[in-house]
Enquirer: 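Dropping a structure here in structure tokens format, bear with me for questions.
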Number of protein chains: 2
Amino acid sequence: MGQGGSGTLGGENLLFLTDEQLRKGIEAMFFAYRGFTADPDRILADHAYGRAHHRALHFINRTHGTTVNNLLTVLGVTKQSLNRVLRTLIADGLVESRVGRTDRRERNLYLTEAGKELERMLSEAQRNRMRAAYRAAGPQAVAGFRQVLEAMMDDEIFRQYIALKERRT
Amino acid sequence: MGQGGSGTLGGENLLFLTDEQLRKGIEAMFFAYRGFTADPDRILADHAYGRAHHRALHFINRTHGTTVNNLLTVLGVTKQSLNRVLRTLIADGLVESRVGRTDRRERNLYLTEAGKELERMLSEAQRNRMRAAYRAAGPQAVAGFRQVLEAMMDDEIFRQYIALKERRT
DNA sequence: CTTGGAATGTCAACAAGGCTGACATAAAAT
DNA sequence: ATTTTATGTCAGCCTTGTTGACATTCCAAG
């Protein structure tokens with residue numbers, strides 16, 4: 001995609017794109033991501049789970065009945081890696097895996113009540129952090145935040161994700 | 001640009017803080033971080049290094065002569081974990097470890113020429129991604145991006161980092 | 001219908017990089 | 001002289017990536 005497009009960028013924005021500014025952005029991203037995961041990580045540690053379990057719970061909750069394959073694509077890991085996490089979640093009764101109706105090779109994934117409860121605890125902790133940051137920064141900053149993040153994603157991955165969401169209804 | 005009233009937010013900002021908006025922010029953070037690390041990760045794979053090596057190189061380059069203890073604090077890992085990474089970087093001739101002048105228990109860490117070169121390759125890839133995102137979003141969005149990220153950090157950790165930077169000059 | 005390939009998911013084994021605990025050494029501080 | 005601090009190292013564990021091998025299921029071509 002043509003990086004130019006929307007902008008009508010004047011010379012002004014060359015000013016703030018010094019290496020020093022970019023480096024500060026990189027470090028901010030590093031430290032912020034640590035803060036972003038810190039609260040859920042503490043909860044997960046109590047349950048002997050890791051971040052991978054959180055990600056699985058999040059996206060299963062997000063798209064009920066998603067397949068293992070969909071989840072792989074979204075999470076960007078191998079099926080073997082995801083399988084290990086799913087196995088423990090299923091064994092612990094947090095996730096239910098039903099054989100697909102139309103294609104019986106597929107497994108449709110759902111959160112059980114217990115799964116929903118843990119997911120709620122985790123996402124609540126994370127939302128609280130996010131909410132506090134949004135409040136402190138203000139609505140306009142939030143809009144900018146989202147714009148930059150979206151520009152920073154690998155386009156393919158995100159488009160796949162959107163496509164998956166739209167395909168199922 | 002107008003967003004002047006950084007504090008004193010009216011009731012308006014309650015509107016955009018729905019759980020759905022927060023969830024989108026959380027997912028954007030997840031996908032963006034993947035994009036953020038993707039390019040350096042590819043380079044690191046060629047050298048049989050991992051993300052941990054990149055982080056060490058980055059912060060040694062950032063504050064020449066930093067000590068092991070400072071680095072632990074900034075990176076938020078244990079000395080055993082950092083030591084493993086540092087050992088390989090020193091063995092491979094990318095990092096030099098000199099006994100401290102004033103306190104000879106300390107080790108001051110420096111990048112060698114080879115270390116600087118790899119660091120440059122990695123950070124250039126990451127800066128390119130960041131620059132493209134900044135360009136696409138525009139200066140105002142970048143300001144908001146930084147504001148939200150800074151509000152999302154664990155305050156203590158970041159303050160320690162700033163303190164470290166200021167202490168040495 | 002049968003057979004071969006493709007898609008999907010599971011099991012096994014390995015590696016990176018976190019972690020804790022224990023311990024050694026050297027130097028600084030008391 | 002003793003204690004504390006900074007660092008390094010060894011051993012062992014856990015999570016979460018990886019690849020390889022394999023079973024099951026579906027579908028399409030013969």
Side-chain angles (χ1 to χ4, degrees), chain A residues 30 33-34 37-38 40-60 65-92 95-109 164, chain B residues 30 33-34 37-38 40-57 60 65-92 95-109 164 167-168:
Chain A
F30 170 67
Y33 198 79
R34 275 232 303 255
T37 55
D41 281 355
R42 270 186 288 272
I43 296 172
L44 289 159
D46 294 342
H47 295 249
Y49 287 139
R51 223 173 268 179
H53 299 85
H54 182 190
R55 295 196 281 259
L57 289 174
H58 175 102
F59 284 106
I60 293 171
T66 189
T67 65
V68 173
N69 223 358
N70 287 357
L71 215 46
L72 296 183
T73 307
V74 170
L75 295 175
V77 298
T78 59
K79 62 182 177 173
Q80 294 91 332
S81 189
L82 174 61
N83 182 257
R84 190 194 305 115
V85 168
L86 280 181
R87 210 187 316 165
T88 70
L89 290 174
I90 291 167
D92 296 350
V95 168
E96 193 189 351
S97 165
R98 294 184 210 150
V99 172
R101 291 160 302 121
T102 60
D103 187 337
R104 289 173 46 202
R105 291 171 301 182
E106 296 183 338
R107 300 288 180 276
N108 295 113
L109 302 170
L164 286 178
Chain B
F30 170 68
Y33 199 78
R34 274 235 301 260
T37 55
D41 281 355
R42 269 187 288 271
I43 296 172
L44 289 159
D46 294 341
H47 295 250
Y49 288 139
R51 223 174 268 177
H53 300 84
H54 183 191
R55 293 195 284 260
L57 290 174
I60 293 171
T66 190
T67 65
V68 173
N69 226 354
N70 286 357
L71 214 46
L72 295 183
T73 306
V74 170
L75 296 174
V77 298
T78 60
K79 64 176 180 175
Q80 294 92 331
S81 191
L82 175 60
N83 184 257
R84 190 172 20 203
V85 169
L86 277 182
R87 213 186 314 168
T88 70
L89 290 174
I90 292 168
D92 295 351
V95 168
E96 192 189 351
S97 166
R98 294 184 210 151
V99 172
R101 289 162 304 121
T102 62
D103 186 336
R104 289 172 46 197
R105 290 172 304 181
E106 295 183 338
R107 301 287 181 278
N108 295 114
L109 303 170
L164 287 177
R167 188 150 21 113
R168 69 179 44 259

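In what follows, every chain begins at residue 1, and chains take the letters A, B, ... in the order their sequences are listed. On a predicted model such as this, the values are computed, not experimentally measured, just so you know.
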Enquirer: Hey, does A/Leu89 have a side-chain heavy atom less than 4.5 Å from the side chain of A/His53?
Expert: yes

Enquirer: Only pairs at least two apart or in different chains count here, so list each salt bridge (Lys or Arg N to Asp or Glu O under 4.0 Å) that has a residue in residues 71-89 of chain A.
Expert: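 Pairs touching residues 71-89 of chain A that pass the test: none.
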
Enquirer: Taking the inter-plane angle between the rings of A/His54 and A/His58 on a 0 to 90° scale, is it parallel (under 30°), tilted (30 to 60°) or perpendicular (over 60°)?
Expert: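 Aromatic pair A/His54/A/His58 classed perpendicular.
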
Enquirer: On DNA chain D, compare the nucleotides closest to B/Leu109 and A/Gly100; which residue's is nearer the 5' end?
Expert: B/Leu109

Enquirer: Contact class for A/Gly76 vs. all strands (heavy atom < 4.0 Å): base, sugar-phosphate, or nothing?
Expert: nothing

Enquirer: If you define the side chain from C-beta out and look only at heavy atoms, does anything of B/Thr67 sit under 4.5 Å from B/Leu109?
Expert: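 A side-chain contact is absent here, since even the closest heavy-atom pair is not under 4.5 Å.
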
Enquirer: Look at the side-chain N and O atoms of B/Ser81 and state whether any lies under 4.0 Å from the OP1 or OP2 oxygen of C/dG17.
Expert: no

Enquirer: I'd like to check the side-chain contact (heavy atoms from CB on, under 4.5 Å) partners of A/Arg107; sequence neighbours left out, ordered by chain and number.
Expert: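 Here the qualifying residues are A/Val68, A/Ser97, A/Val99.
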
Enquirer: Just call it for A/Thr88: base, sugar-phosphate, or nothing, with non-hydrogen atoms closer than 4.0 Å on any strand.
Expert: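 Answer is nothing: A/Thr88 stays at 4.0 Å or more from every strand.
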
Enquirer: Are any of B/Arg84's side-chain N or O atoms less than 4.0 Å away from OP1 or OP2 of C/dA15?
Expert: no

Enquirer: 5' to 3' on DNA chain D, which nucleotides open and close the contacts with chain A (atom under 4.0 Å from a heavy atom)?
Expert: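 Contacts span D/dT15 to D/dC26, reading 5' to 3'.
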
Enquirer: Does A/Phe30 have any ring-ring contact (aromatic ring centres under 6.0 Å, His included) partners at least two apart in sequence or in another chain, and if so, which?
Expert: B/Phe59

Enquirer: Pull out every protein N or O sitting under 3.5 Å from an N or O of nucleotides 8-10 of chain C, one pair per line with the distance.
Expert:
from   : atom 1 : to       : atom 2 : distance (Å)
C/dT8  : OP2    : A/Asn69  : ND2    : 2.6
C/dT8  : O5'    : A/Asn69  : ND2    : 3.4
C/dT8  : O3'    : A/Arg105 : O      : 3.4
C/dG9  : OP1    : A/Arg107 : N      : 2.8
C/dG9  : OP2    : A/Asn69  : N      : 2.9
C/dG9  : N7     : A/Lys79  : NZ     : 2.5
C/dG9  : O6     : A/Lys79  : NZ     : 2.6
C/dT10 : OP2    : A/Asn83  : ND2    : 2.4
C/dT10 : O5'    : A/Asn83  : ND2    : 3.4

Enquirer: Taking salt bridge (Lys or Arg N to Asp or Glu O under 4.0 Å) as the test, write out the residues that go with A/Arg42, two or more places apart.
Expert: A/Asp39

Enquirer: Side chain of B/Arg34, backbone of A/Leu75: donor and acceptor closer than 3.5 Å?
Expert: yes

